[in-house]
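Below you'll find the structure, written out as structure tokens, and then a few comments.
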Amino acid sequence: MYSFPKHSKLCGQKSIEQLYKEGKRFVVWPLRVTWMSSESETRVLVWAPKSLFKHAVDRNRLRRLMREAYRLNQDCLGDGHYMIAFNYMDKEQHNYASIAKAMRKALNKIKG
RNA sequence: GAAGCAAACCGGUCUAUCGCUGCCGAGAGGAAGAAAGUCGGCGUAAAUAGCAGGGCUUAAUCCCAUCGGUUGAGGAAAGUCCGGGCAGCACAGAGCACCGCAGCGGUUAACGGCCGUCAGGCAGAACGCAUAAUGGACACCCACCCGCCCGAAGCGUGAAUGUUUGGUCACUGCUACAGAGACGAGUCGCUGCAUCAGCAGCGGGUGAAACGAGCACACUGCGGGCUGCAAUUCCAUGUAAACCAACGAACGAGCGUUGCUCGCGCCAGUUCCGCAAGGAUGCGUUGGAGGGUAGGAAGCGAGAGAAGCACGUGGUAACACGUUGCUCGAGAUUAAUGAUAGACGCUGCUUCGGCAGUACAGAACCCGGCUUAUAGGUUUGCUUUCUUU
């Protein structure tokens with residue numbers, strides 16, 4: 001129920017370009033969400049930009065936090081299938097609780 | 001015991017819940033899926049072109065879900081500064097240019113690294129000398145004076161150790177200002193020789209330096225082919241206005257007009273564009289061969305290794321050698337190695353209840369170095385000084 005296996009990750013240059021070109025966008029601070037509905041299963045991409053976080057260890061940490069927040073709250077999406085990208089926007093590192101709160105809000109917004 | 005150095009090493013642990021990469025096993029049953037094919041849609045008056053998360057079909061490839069087991073970041077993984085392996089391309093030999101290195105000797109696969117050593121400079125705990133002023137302490141019945149000790153800059157000596165500089169000046173050049181002159185020029189004074197011209201010697205003056213130096217864009221020795229795993233190789237599908245072949249068109253040739261010459265006539269494609277018009281271009285058709293990008297696999301780690309630690313031998317050491325013993329075992333690709341909660345450990349402060357902190361930082365083909373970042377801790381060695389015996 002809370003798993004996040006490999007085939008749930010969004011990969012491939014073509015589908016990522018398509019998502020960023022045509023997807024709908026909104027912001028739930030500190031996350032910028034780009035999403036579009038999908039015919040097959042839901043696939044997700046998380047990203048922390050190098051321009052905001054110079055060290056790889058910080059980017060890894062934020063990516064893992066966002067991934068865990070999605071994994072534990074993915075039932076908020078219901079039965080729909082989507083392609084979603086989460087971009088981290090803040091210069092400061094938030095803790096897990098605030099990222100999880102933003103994640104729940106974002107997933108409910110996509111569903112509704 | 002204190003102080004100052006150097007080298008080597010470690011750099012969190014446990015529990016609970018949820019989860020991920022690779023590998024192994026079980027396992028109902030297949031699953032995913034391409035710029036390709038095909039059928040539709042939009043577009044248009046209708047087509048072509050074009051547009052898009054469309055449906056269906058299949059390629060390489062992979063076995064998916066589920067269950068069980070196992071596995072998983074560093075001393076710097078970092079910077080990408082040197083040197084190699086490996087890969088592709090180039091390549092007769094030698095030299096020039098360019099770039100790098102530079103006491104001497106050694107070490108290594110190699111190096112700008114490392115080890116030993118020589119000379120000069122700098123830093124260096126501590127010690128010695130020295131005393132200004134308001135001073136401190138001793139002495140003194142008290143005050144003043146004198147004496148003595150301490151006392152900062154300062155001067156000197158200077159351990160372990162660290163750091164820095166170090167080829168040559170025959171050739172080609174450079175050395176500001178000052179100076180007659182910084183190299184083929186010669187001033188002032190004196191002396192000697194000489195008929196004169198001048199020659200030789202000594203001294204003064206300038207300057208960091210005046211036939212004696214220093215330096216490099218000069219010379220000498222040694223090294224360097226270029227590009228990097230986004231290298232490179234393979235798989236399947238399809239193909240371009242580039243390649244090959246055949247055929248055709250255009251130009252030319254030829255044919256017609258004509259005595260000859262000149263001149264005129266005898267075609268149509270591709271592309272931009274919805275069509276036409278207009279513009280650009282010189283080729284078109286058929287067949288063959290065949291990339292790049294995107295996708296997948298290898299390269300990529302038990303086919304690991306110039307691997308590490310003991311022990312032995314040689315060497316001052318770096319290091320080398322060994323029929324010796326033991327140990328290590330990540331491999332992602334929109335990118336795993338985690339998240340949350342609690343406890344312990346360590347460090348500092350403490351009103352002894354606690355409180356605060358717990359670093360630097362994340363593999364991306366692999367090694368040897370260097371450089372930079374780093375909470376806290378351990379061990380060993382050296383030097384000086386004090387105490388005890």
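The sequence lines fix the lettering, A, B, ..., with proteins before strands; numbering per chain opens at 1.
One atom, CZ of A:Arg59, and another, C1' of B:U333, lie 15 Å apart when rounded to the nearest Å. Going from atom CG of A:Asn95 over to atom P of B:U340 covers 8 Å, rounded to whole Å. At whole-Å resolution of the value, CG in A:Leu72 and P in B:C18 are 11 Å apart. Rounded to an integer number of Å, the gap from A:Arg71 CZ to B:U340 P is 11 Å. When rounded to the nearest whole Å, the span between CG of A:Asn73 and P of B:C18 equals 16 Å. If you measure from atom NZ of A:Lys54 to atom P of B:C360, you get 12 Å, rounded to the nearest angstrom. If you take CG of A:Leu45 and P of B:U333, they are 14 Å apart, rounded to a whole angstrom.
In this structure, A:Gln74 contributes its side chain and A:Arg71 its backbone to a donor-acceptor pair below 3.5 Å.
Position along RNA chain B of the nearest nucleotide to A:Tyr96 versus A:Asn60 favours A:Tyr96 as the more 5'-ward residue.
Applying the side-chain hydrogen bond (donor to acceptor under 3.5 Å, both in side chains) definition to pairs two or more places apart or across chains, those involving residues 55-65 of chain A are A:Asp58-A:Gln93, A:Asn60-A:Arg63.
Within 4.0 Å (heavy atoms only), A:Arg61 reaches sugar-phosphate atoms of the nucleic acid but no base atom.
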Distances for protein N or O near nucleotides 77-80 of chain B N or O, under 3.5 Å:
none

Write out a two-atom table: protein N or O, nucleotide N or O from nucleotides 10-12 of chain B, distance below 3.5 Å.
none

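If you check B:G357 for Watson-Crick or wobble pairing at under 3.5 angstrom, you find it paired to B:C346.
Taking every heavy atom of residues 62-69 of chain A and every atom of RNA chain B, pairs under 4.0 Å involve A:Arg64, A:Leu65, A:Arg67, A:Glu68, by number.
Here the separation of B:U380 from B:G124, taken at their P atoms, is 31 Å to the nearest Å. When the P atom is used for both B:A364 and B:A332, the distance is 14 Å, rounded to whole Å.
For A:Phe86, there are no ring-ring contact (aromatic ring centres under 6.0 Å, His included) partners two or more places apart in sequence or in a different chain. For A:Arg32, the side chain to side chain donor-acceptor pair (under 3.5 Å) criterion is met by no residue, not counting sequence neighbours.
In B:G315 the base sits anti relative to the sugar, since the glycosidic angle is further than 90° from 0.
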